[in-house]
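First comes the structure, then the notes that go with it.
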Amino acid sequence: MRLVTLNLLMCNSEECSGRNQALTLNPGEITPGTTQFNHDLTIRMLGKLDWLAFVNAALRLGHELPDNITEADHQNSELIQRIFDILFNVEIQTGELLCPNCNRTYPIEKGIPNMLPQDH
Amino acid sequence: MSRPEEIAPPEYFYNEEEANKYTTNSRIIEIQAKMSQRAIELLNLPEPGCLVLDLGCGSGLSGEELTECGHFWIGLDISKAMLDVASERGVEGDIILSDLGDGFTFLPGTFDGAISISALQWLCNAEKADHNPYKRLAKLFESLYSALGRGRRAVFQFYPAHPQQIEMITQAAVKCGFLADLIIDFPNSTKAKKYYLVLYSGAHQNYKQFQPLDGDDQVKFSKRDKTHKKSKKMHKHSREWILEKKAKQRKQGKEVRHDSKYTGRKRKDKF
Ligand SMILES: C[S@@+](CC[C@H](N)C(=O)[O-])C[C@H]1O[C@@H](n2cnc3c(N)ncnc32)[C@H](O)[C@@H]1O
Ligand SMILES: [Zn+2]
């Protein structure tokens with residue numbers, strides 16, 4: 001699971017239904033990815049992400065990013081490349097997603113978060 | 001041949017052995033790729049670099065076609081074995097273990113589109129005592145409607161067991177706010193006949209109607225459920241009706257097949 005998905009995936013518990021509750025990461029093993037740079041995708045993602053949540057998640061894994069991105073930054077190819085790499089080339093292999101609202105946890109194994117209801 | 005979804009629940013049917021068999025079968029690879037390409041065409045995305053959901057992504061055969069088109073995808077599937085194969089194969093998308101019938105939650109309005117290849121029929125079965133297929137479909141469509149941006153599409157290729165299933169699926173989708181089109185490609189070929197449910201999330205602005213593919217000059221129609229909801233009379237697909245519709249489309253400057261003795265012919269292979 002990449003940081004882009006961490007940013008977009010919300011808690012799916014009954015208790016959090018309708019809240020769009022973000023999840024926090026309790027990281028285990030992290031590996032670098034090899035996804036090829038995609039400029040258009042990165043620019044498009046800037047309009048979609050919860051930027052502050054992304055900045056915080058990245059910071060916790062040791063990657064620093066500016067607090068906000070302006071239209072002019074879209075021309076800064078070095079920055080766009082760096083954003084891409086943090087979004088798409090930081091792969092969470094193991095760990096846990098944690099809901100700060102309902103306290104549910106979702107395990108991540110072999111890079112795959114498990115969002116199934118707990119009675120599965 | 002019995003339908004896989006009647007044999008066992010998906011997470012059991014697609015076990016390790018089946019997941020490997022499925023993903024290395026060259027015939028399956030080819031068919032899934034073709035259907036995925038068609039679904040992506042119907043998705044009508046504005047440009048490469050889009051964010052797309054793959055519902056029932058399995059081992060990533062469908063997602064790979066999205067990657068080919070320069071899109072990034074996030075896939076959901078209930079079979080851990082299928083997802084493990086996807087991950088071993090190093091697919092470019094991100095994958096999540098999830099039961100579509102249980103719904104899912106993403107940051108609202110983020111996805112530029114969604115595809116689902118050969119998965120939807122699985123939701124029409126009640127796998128557990130507390131499963132209600134209609135409710136599970138509604139959960140899926142409700143989640144999807146929220147995850148998609150407005151004026152976006154979702155394309156589901158699926159294998160309906162009978163017409164009532166199409167009806168149930170379409171009803172559940174329309175109830176959640178979608179406009180629905182059913183496109184049937186190669187309607188007269190037993191083998192090539194394929195069903196695509198195209199859902200539009202609200203706004204009409206990018207509305208572009210597609211015509212079904214058709215190899216041998218047969219009936220073409222595409223149904224728009226909201227507007228035709230109550231007009232289900234059978235004479236609708238009669239020869240006269242088709243000829244009139246074609247004439248109308250020609251007038252609009254659309255490319256329309258020529259009328260032949262086969263036009264409006266009754267189809268043999270019903271389901
Ligand atoms: C025929 S495979 C298609 C996989 C992939 N889309 C492809 O084209 O190769 C059907 C997939 O649907 C998945 N599926 C069935 N029911 C599901 C459910 N309720 N939630 C999520 N996935 C489901 C199965 O696990 C299986 O991987
Ligand atoms: Zn929660």
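Side chains included, hydrogens not; waters and symmetry mates left out as well; all remaining heavy atoms used.
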Rounded to the nearest 0.5 Å, how far does [atom2] of [Y] lie from [atom1] of [X]?
X: A:Leu8; Y: B:Phe106; atom1: CG; atom2: CZ; result: 7.5 Å
X: A:Arg44; Y: B:Asp112; atom1: CZ; atom2: CG; result: 4.5 Å
X: B:Lys80; Y: A:Glu109; atom1: NZ; atom2: CD; result: 5.5 Å
X: B:Leu51; Y: A:Met45; atom1: CG; atom2: CE; result: 5.0 Å
X: B:His71; Y: A:Asp40; atom1: NE2; atom2: CG; result: 11.0 Å
X: A:Lys110; Y: B:Ile95; atom1: NZ; atom2: CD1; result: 10.0 Å

Does atom [atom1] ([X]) have a neighbourhood of more than 12 heavy atoms from anything else shown, all under 6.0 Å?
X: B:Glu16; atom1: CD; result: no
X: A:Phe37; atom1: CZ; result: yes
X: B:Glu6; atom1: CD; result: yes
X: B:Gln164; atom1: CD; result: yes

Discussion item. Please determine whether side chain to side chain contact (heavy atoms under 4.5 Å, CB included) holds for the pair A:Thr35 and B:Phe72, giving the CA-CA distance in whole Å, both sets of side-chain angles, and the decisive distance to 0.1 Å.
Written reply: CA-CA 10 Å; A:Thr35 313; B:Phe72 181 74; 5.5 Å; no
Which atoms form the tightest heavy-atom contact between [X] and [Y], and what is the distance?
X: A:Asn20; Y: B:Pro108; answer: ND2-CG, 3.3 Å
X: A:Lys48; Y: B:Thr110; answer: NZ-O, 2.7 Å
X: A:Asp50; Y: B:Leu107; answer: N-CD2, 3.8 Å

Worksheet item: Judged by atom type as modelled, is there a donor-acceptor pair below 3.5 Å linking the side chain of B:Asp94 to the main-chain atoms of A:Arg2?
Response: yes
Practice prompt. Could you tell me whether the side chain of B:Asp102 and the main chain of A:Leu116 form a donor-acceptor pair under 3.5 Å?
Written response: no
Is it the side chain or the backbone of [X] that comes within 4.5 Å of chain B heavy atoms, both, or neither?
X: A:Leu49; value: backbone
X: A:Cys11; value: backbone
X: A:Tyr106; value: neither
X: A:Asn114; value: both

Worksheet, complete the sentence: Turns out that what part of B:Ile96 lies under 4.5 Å from chain A's heavy atoms comes down to both
